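To keep things clear, I will list the structure first and then write my remarks on it.
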Amino acid sequence: MEPLNQKSIERVVSQKALQMGSSFPCQICVVGLLCGICLTSLFMAALTSFGTFEFGGFSFSTIAEGASAGHSSSEFINCSSEPMITQRVVVDSLGSEETINSERASLLYSAWSALLTESDSGKSDYLQRNGLNRSSVPNTPHLENCKLKGQVHKRLDKHPENESHPTAATNEQSSYFRNQAMSETAYAPWITGSDEENYPSTRKVQRDIWLHQHPLNCWDPSVKFLVADWERLPGLGIGAQIAGMCGVLAIAMKEKRVLVTNYFNRADHDGCKGSSRSRWSCYFFPETSLECRNRALELIESEDAWKSGTIKAKDNYTSKEIWAGRTPRIWGDPWSHLQPTTEINGTLIAYHRKMDRRWWRAQAVRYLMRFQTEYTCDLLNVARHAAFGKQAADMVVRNFEGEWSKVDVTVNERSDIEEFVWSNHKPWMPRPLLSMHVRMGDKACEMKVVEFQEYMSLAGRIRKRFPQLNSVWLSTEMQEVIDKSKGYPHWDFYYTNVTRQVGNMTMAAYETSLGRKTSTNYPLVNFLMATEADFFIGALGSTWCFLIDGMRNTGGKVMAGYLSVNKDRFW
């Protein structure tokens, strides 16, 4: 039985409540309170009827249960609180998803980096530490299989007669086409693009140079040789060395001699192993076969061979013959049909007096650089990974179904189309890509040096026509150019990570400070990246730019055009 005083208090409270409830304002408040409670109850019941409703990774059924169990209905009357909760849930969910994808992309990038630098044993400490298998790492879209690529190119660079018969593991159809690659009626397999996208007669000229440089029998008494070291005079850059060898190749073609290149000082470093040490063949396939090289080196020791003229050296020719000699007329004058695609100050250059030299040097450098060695391919892989690797990882993670680190992505064997068709596609890079070589420094003594802003002005002109253009591969030896690029936030700049010049310094001194290996590797990487870019801006006064343009014009990029910041010379 309850105490009397407690009953008295309840009776008094009830009477007071009845009196207050009879007033009109209080009736309004009570009705409003009851309506709010009813609406809230209906809302929560509707959610409960749907069961557990997931939105942005957050379960609304959890909110409903928590509310009914631990809170009074008055805490849910404030309707403005629920939209705030929903908005926070969505933002937190998206942020969480972005964070997870970012972490997975970072893991994938690191896994690719580990595979790129793994030891010869094929085991990666990084993968083992993180519990990853090589088979679970997705393919790298921006890298190439350099070993496989080298093997394919090695087969393509031989006469069909020297090919071994297809093995059981080799696709017969693919082997047939490889065997036909360098026949008398076929074109050079290293040329891409249609005839209209290359300099006139490019395919025929490349095939003819290869056949000239690869006689079937190097011991035939009628085969003559020209053995030449690469230029090594102080102050001559790689561009000048290549230009000089283009002149020597022209002499060899005119005199029907097989060119054999010998000492190449820029390959005289520890990165070039074995027989490729101090040889052009460290970076690109050799200019002739091993059989012809051995025969030429044998004839060097023969006094009779020198007297009969069977063998000659570069010293047998004057500098003028090498640097300014006549272009071979074997193919007529295809340079007279060059389509104007070079622009200076808004005007296309239709004709100039060095058109034959421009055409020939493009053909010669294309032949000398026709196939990259595994070493050069690896250098490009490292450069592309440093520049584009994180973007590629992010792209793969966002498009990968499931969590790549827990899936064996190589369960199925590669199909024929993957093996023999898609494998020939070039590695991914942000496209369209503009390559820009900014030459300054001591080059001012040879040509008009143009400021970086003028290069960017030309880049802006290209973007007006192609508004999707955002990416620039920037090649320069000057740190100030790299610094100025940061003043263009609406462009994405990529460049090799190498120490650059600060202040006044000669190119010779700068290359010495880098060391022979670095001062050779990174310019060649920049050169090859420029040849693969969609657009190119350079300076005609630069031999380097001149050769890049030649490689592009024999690599299917004639119609991409060439914008030059100066008109100093045409070589």
Side-chain angles (χ1 to χ4, degrees), residues 226-251 259-272 276-284 287 312-325 357 361 364-365 368-369 376 379 437-449 475-481 496 498-528 538-548 550 566 568-569 571:
L226 197 170
V227 180
D229 288 344
W230 291 76
E231 293 286 354
R232 43 182 160 172
L233 294 174
L236 286 184
I238 303 178
Q241 290 178 297
I242 295 174
M245 193 55 69
C246 289
V248 176
L249 179 58
I251 293 173
L259 172 64
V260 178
T261 67
N262 209 13
Y263 182 72
F264 182 46
N265 62 337
R266 292 182 180 273
D268 191 3
H269 57 73
D270 293 337
C272 298
S276 67
R277 176 75 180 244
S278 305
R279 297 283 187 271
W280 178 253
S281 57
C282 175
Y283 292 99
F284 301 97
E287 67 291 337
K312 285 188 176 182
K314 191 171 65 174
D315 294 340
N316 292 106
Y317 306 93
T318 65
S319 295
K320 185 177 180 180
E321 289 177 296
I322 294 173
W323 292 93
R357 188 177 301 174
R361 284 188 178 175
V365 71
L368 292 172
M369 292 184 171
T376 301
L379 292 177
H437 181 64
V438 182
R439 185 71 167 92
M440 298 176 71
D442 63 348
K443 197 65 176 179
C445 64
E446 298 180 24
M447 71 175 193
K448 177 187 176 183
V449 171
S475 170
T476 182
E477 76 280 5
M478 303 301 296
Q479 183 59 41
E480 68 173 278
V481 173
T496 52
V498 66
T499 303
R500 289 178 165 80
Q501 293 186 43
V502 177
N504 295 323
M505 181 186 293
T506 64
M507 181 58 73
Y510 171 59
E511 289 185 339
T512 300
S513 69
L514 292 178
R516 180 165 289 176
K517 182 178 179 180
T518 301
S519 65
T520 304
N521 290 355
Y522 101 84
L524 286 176
V525 165
N526 283 325
F527 185 98
L528 294 172
L540 277 176
S542 165
T543 305
W544 195 243
C545 290
F546 189 88
L547 295 173
I548 288 174
N566 68 4
D568 277 30
R569 50 190 172 179
W571 299 97

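Quantities reported herein were computed from a predicted structural model and do not represent experimental measurements.
Atom OG1 of Thr261 and atom CG of Leu249 lie 10.5 Å apart (nearest 0.5 Å). Separating the CD atom in Glu287 from the CE atom in Met369 is a distance of 13.0 Å, to the nearest 0.5 Å. Rounding to the nearest 0.5 Å gives a distance of 10.5 Å between OG1 of Thr520 and OH of Tyr522. To the nearest 0.5 Å, atoms NZ (Lys314) and CD1 (Ile251) are separated by 10.0 Å. Going from atom CD of Gln501 over to atom CD of Glu511 covers 9.0 Å, rounded to the nearest 0.5 Å. A distance of 13.0 Å separates CZ in Arg277 from CZ in Phe264, rounded to the nearest 0.5 Å.
For Phe527, the ring-ring contact (aromatic ring centres under 6.0 Å, His included) criterion is met by Trp544, not counting sequence neighbours. With sequence neighbours excluded, the residues satisfying ring-ring contact (aromatic ring centres under 6.0 Å, His included) with Phe284 are Trp280. Scored by the disulfide (SG to SG under 2.5 Å) test, Cys246 finds no partners at all (sequence neighbours excluded). Applying the side-chain hydrogen bond (donor to acceptor under 3.5 Å, both in side chains) test to Ser276 and every residue at least two apart in sequence or in another chain returns nothing.
Taking 4.5 Å as the limit, every side-chain heavy atom of Met245 sits out of range of all side-chain heavy atoms of Ile322. Side chains of Thr376 and Leu528 form a contact here, defined as non-hydrogen atoms less than 4.5 Å apart. Considering only heavy atoms from C-beta on, Ser278 comes within 4.5 Å of Tyr263 through its side chain.
Taking the charged nitrogens against the carboxylate oxygens, Glu477 and Arg439 do have a contact shorter than 4.0 Å, which makes a salt bridge.
Within the structure, salt bridge (Lys or Arg N to Asp or Glu O under 4.0 Å) pairs that include any residue of residues 512-528 comprise Asp268-Arg516 (at least two apart or interchain).
When atom types are taken as modelled, the side chain of Glu321 and the backbone of Thr318 share a donor-acceptor pair closer than 3.5 angstrom. Within the 3.5 Å criterion, the main-chain N or O of Val438 finds a donor-acceptor partner in the side chain of Thr476. Listed for the Thr518 side chain is no donor-acceptor partner under 3.5 Å among the backbone atoms of Gly515. Ser475 places no side-chain N or O within donor-acceptor distance of the main-chain N or O of His437, the cut-off being under 3.5 Å.
Closest approach of Ala228 to Leu259, counting heavy atoms only: CB-CD1, 4.3 Å. The two residues Gln479 and Val502 make their nearest non-hydrogen contact at CB-CG2, 3.9 Å.
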**Request:** Could you go through the side-chain contact (heavy atoms from CB on, under 4.5 Å) check for Tyr317 and Leu226 one step at a time?
**Result:** CA-CA 11 Å; Tyr317 306 93; Leu226 197 170; 3.8 Å; yes
**Request:** Would you check, one step at a time, whether the test side-chain contact (heavy atoms from CB on, under 4.5 Å) holds for Ser519 with Tyr510?
**Result:** CA-CA 9 Å; Ser519 65; Tyr510 171 59; over 6 Å; no
**Test side-chain contact (heavy atoms from CB on, under 4.5 Å) applied to Leu379 and Leu524, step by step** = CA-CA 9 Å; Leu379 292 177; Leu524 286 176; over 6 Å; no
Please list, one pair per line, the donor and acceptor atoms closer than 3.5 Å that link side chains of residues 232-244 to other protein atoms, with sequence neighbours excluded.
from	atom 1	to	atom 2	distance (Å)
Arg232	NH2	Asp229	OD2	3.3
Gln241	OE1	Arg266	NE	2.5
Gln241	NE2	Glu231	O	2.5
Gln241	NE2	Asn265	OD1	2.9

